[in-house]
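Whatever order the structure lists them in is the order used to number ligands and atoms, beginning at 1. Only heavy atoms go into these numbers, but all of them, side chains included; no hydrogens, no water, no symmetry mates. Source: prediction; values computed, not measured.
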Amino acid sequence: MPIIYTPVVGEACQKFSLIYTPGLVEGLFLSKDDVDVIPEVLGNWPYPQPDICVITDGSRILGLGDLGVNGMGIPIGKLSLYVAAAGFDPARTLPITLDLGTNNEKFLDDPLYLGARHKRPEDPEFFSYLDKLMKALKEKWPKMLVQFEDFSSDHAFASLDRYRREYLMFNDDIQGTGAVVLAGWINAVRLSGVPLKDHKIVFFGAGSAGVGVAKSIKDHLVRSGMAEEEARGMFWLADSKGLVTLDRGDKLASHKTLFARSDNEGKQFGTLEEVLYYVKPTCLIGLAGMGGAFRPEAIRKMAEYSRHPVIFPLSNPLTHAECTFEAAMEHTNGRVLFGSGTAFPAMHDPSTNKVVEPGQANNCYIFPGLGFGTSLAGATRVSDCMVHVAAVTLAESLTQEELDDRRLYPRLERIRQVSALIARDVAVQAVKKGIARDEDVLEIFSAKSGDKPAAVVLQDSRRLDKLLELVQARMWEPVYADAEAGAAEPLKAMM
Ligand SMILES: NC(=O)C1=CN([C@@H]2O[C@H](COP(=O)(O)OP(=O)(O)OC[C@H]3O[C@@H](n4cnc5c(N)ncnc54)[C@H](O)[C@@H]3O)[C@@H](O)[C@H]2O)C=CC1
Ligand SMILES: CC(=O)C(=O)O
Ligand SMILES: [Mg+2]
């Protein structure tokens, strides 16, 4: 996991042009010059019809910025996790990197850079290209789910809004991250001892991930019965200019306006510390890609404001995490409820004489199961309910032992089990919405395409068990064709 994914995948992307292996088909590159021949380029893909595609334009790779075509490591890494964590067939996964240019001067001047050495196009050309690509992908592989990954935040929000109704797609940084943090947050709130409505959440970073997470938690609160205004009042977002307020004097990007504060009485708060002293939050979430930004003083303040402060330094890779697990433990006297984007090692807590394992709040707990359930159901799109149920199922997937250990997420070793549960519940939501098309899934609920079965049918435990069996039966297993060799046994034992 730490090799095919964060942190090493970040380094692999930084060095991608140098370590590239000619002749190995790793993924599909589409350049600006291909604009009129996109279907023909897709036709060059030498493997069977893909079920899942991860696409990036390399414009915001983890917290490492614009890596251009070198971002290819991310679709490859994410798809490896679709295989390992949910059971997609590796031959039916498609990594795509758009080589539309880069605004990274270092690469523009680098003779060894593999991508096109020109700047990125303006929005009209960018979206016209993307429109053609989405159309061509749907025409060629209508059932394939497309995951948008690591696009710069303006394009991440705009493309999600543009394609989510017409195409089978979702944005992992906005929706996958939203769901995984919501799951950890639900469990952290339970352990914090602070009533839900009294939580105050500060976000350091208000980009695709920050706003995606804030929206996901806010929508969950509203679904649970809280009024929209009250729910929104629990959030304070800070970006590179400080607390996001309506009267800050700059033109706010549209994705930030939903959470912009209007109750700041004309005062502005430029630094994270100023925001913390003003808000006195119970939760601090880092999604700014600023390594070390949660300094000891800030962590100590969090421990003053709450007996069990929730601190989530979520930026990737490890060097960009806002603080380490060790620092969070030290400056809260071990009271922190912690989740990070990249895994930190476990620590011995002298006060309890126990080993404490930090949570890994990474969308890798969500996208494999969400994608598998969507694909299994033959869903025609990814609805908000499908993403929301993925979060709730993840939050509820902990075993008694994991709950006793005060964990926020299940052990990573159980990821295939957890992904299967998420896939089942996502598929149920697709059936509920009438957007499932897979006949085996529909038959379990005695439904036809387009039907919306009654709640009593959808909650019937016998049918749910059958659906889980179907999920497990369809999961690809890394076994040798000659099963007699017994190569499958160690992996089966993990299930
Ligand atoms: N744990 C997880 O599962 C995930 C983690 N991430 C991480 O989150 C980070 C951000 O990702 P995105 O939101 O997509 O990027 P983004 O570029 O859309 O947003 C970054 C935000 O940070 C703010 N920022 C930048 N410098 C700052 C500073 N000095 N002080 C305060 N704010 C500052 C920007 O104004 C912007 O609001 C990345 O490091 C990425 O790896 C993203 C998705 C999932
Ligand atoms: C985990 C992830 O999607 C990111 O850091 O961008
Ligand atoms: Mg990402």
Side-chain angles (χ1 to χ4, degrees), residues 1 4-7 9-10 13 54-67 71 73-75 77-78 81 147-158 160 170-184 202-216 236-244 248 250 252-253 255-256 259-260 269-275 284-295 298 312-322 339-344 358-368 391 394 409:
M1 176 88 167
I4 57 168
Y5 200 45
T6 178
V9 74
C13 287
V54 175
I55 182 166
T56 188
D57 69 347
S59 52
R60 191 288 278 147
I61 293 297
L62 307 178
L64 302 169
D66 181 350
L67 298 191
I74 288 295
K78 292 265 173 186
L81 287 180
Q147 168 171 326
F148 275 55
E149 190 69 47
D150 288 8
F151 281 77
S152 58
S153 59
D154 48 342
H155 289 165
F157 283 106
L160 181 60
F170 73 103
N171 182 294
D172 182 42
D173 296 296
I174 299 172
Q175 296 168 288
T177 316
V180 80
V181 181
L182 169 60
V202 165
F203 281 78
F204 183 67
S208 21
V211 172
V213 172
K215 209 167 160 303
S216 155
W236 286 261
L237 270 56
D239 62 12
S240 54
K241 297 189 183 116
L243 186 67
V244 178
R248 196 167 71 171
D250 59 334
L252 291 179
H255 62 268
K256 293 182 191 175
F259 293 102
F269 305 87
T271 65
L272 174 63
E273 282 73 12
E274 284 171 16
V275 175
L284 174 59
I285 296 181
L287 282 162
M290 288 287 298
F294 296 172
R295 286 185 280 270
F312 283 4
L314 299 182
S315 293
N316 297 315
L318 203 67
T319 45
H320 292 243
E322 286 77 6
S340 58
T342 308
F344 280 100
Q360 185 171 5
N362 190 299
N363 48 35
C364 67
Y365 271 110
I366 290 289
F367 65 76
L394 175 61
Y409 294 97

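- Ser340 places no side-chain N or O within 3.5 Å of a backbone atom of Phe312 that could act as its donor or acceptor partner.
- Ligand 2 lies under 4.0 Å from heavy atoms of Tyr5, Arg60, Leu62, Lys78, Glu149, Asp150, Asp172, Asp173, Asn316, Asn362, Asn363.
- The minimum heavy-atom distance linking Gly341 with Asn362 is given by the pair O-ND2, 2.8 Å.
- Put simply, no part of His320 is less than 4.0 Å from ligand 1, judged by heavy atoms.
- Across Ala206 and Lys256, no two heavy atoms sit closer than the pair O-CE, 3.4 Å.
- When the options Gly339, Cys364, Ala288 are ranked by their closest heavy atom to atom 25 (C) of ligand 1, first place goes to Ala288.
- Within the 4.5 Å cutoff, no side-chain heavy atoms of Val244 are placed close to those of Phe259.
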Stepwise side-chain contact (heavy atoms from CB on, under 4.5 Å) check, Val181 with Ser216:
CA-CA 8 Å; Val181 181; Ser216 155; over 6 Å; no
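- Using a 4.0 Å cut-off to heavy atoms of Ala361, the atoms of ligand 1 that qualify are 1 (N), 2 (C), 3 (O).
- Between Thr177, Leu314, Leu287, it is Leu287 that holds the heavy atom closest to atom 10 (C) of ligand 1.
- Because the distance cut-off is set at 2.8 Å, Asp172 fails to qualify as a neighbour of the Mg ion (ligand 3), as none of its N, O or S atoms comes that close.
- Between Gly341 and ligand 1, a contact under 3.5 Å exists for no N or O pair.
- Contacts with ligand 1 closer than 4.0 Å are made by no heavy atom of Lys241, backbone or side chain.
- Nearest heavy-atom pair across Ser59 and Ser152 is OG-N, 2.8 Å.
- Backbone and side-chain nitrogen or oxygen atoms of Ala238 are examined, and none is located within less than 3.5 angstrom of a nitrogen or oxygen of ligand 1.
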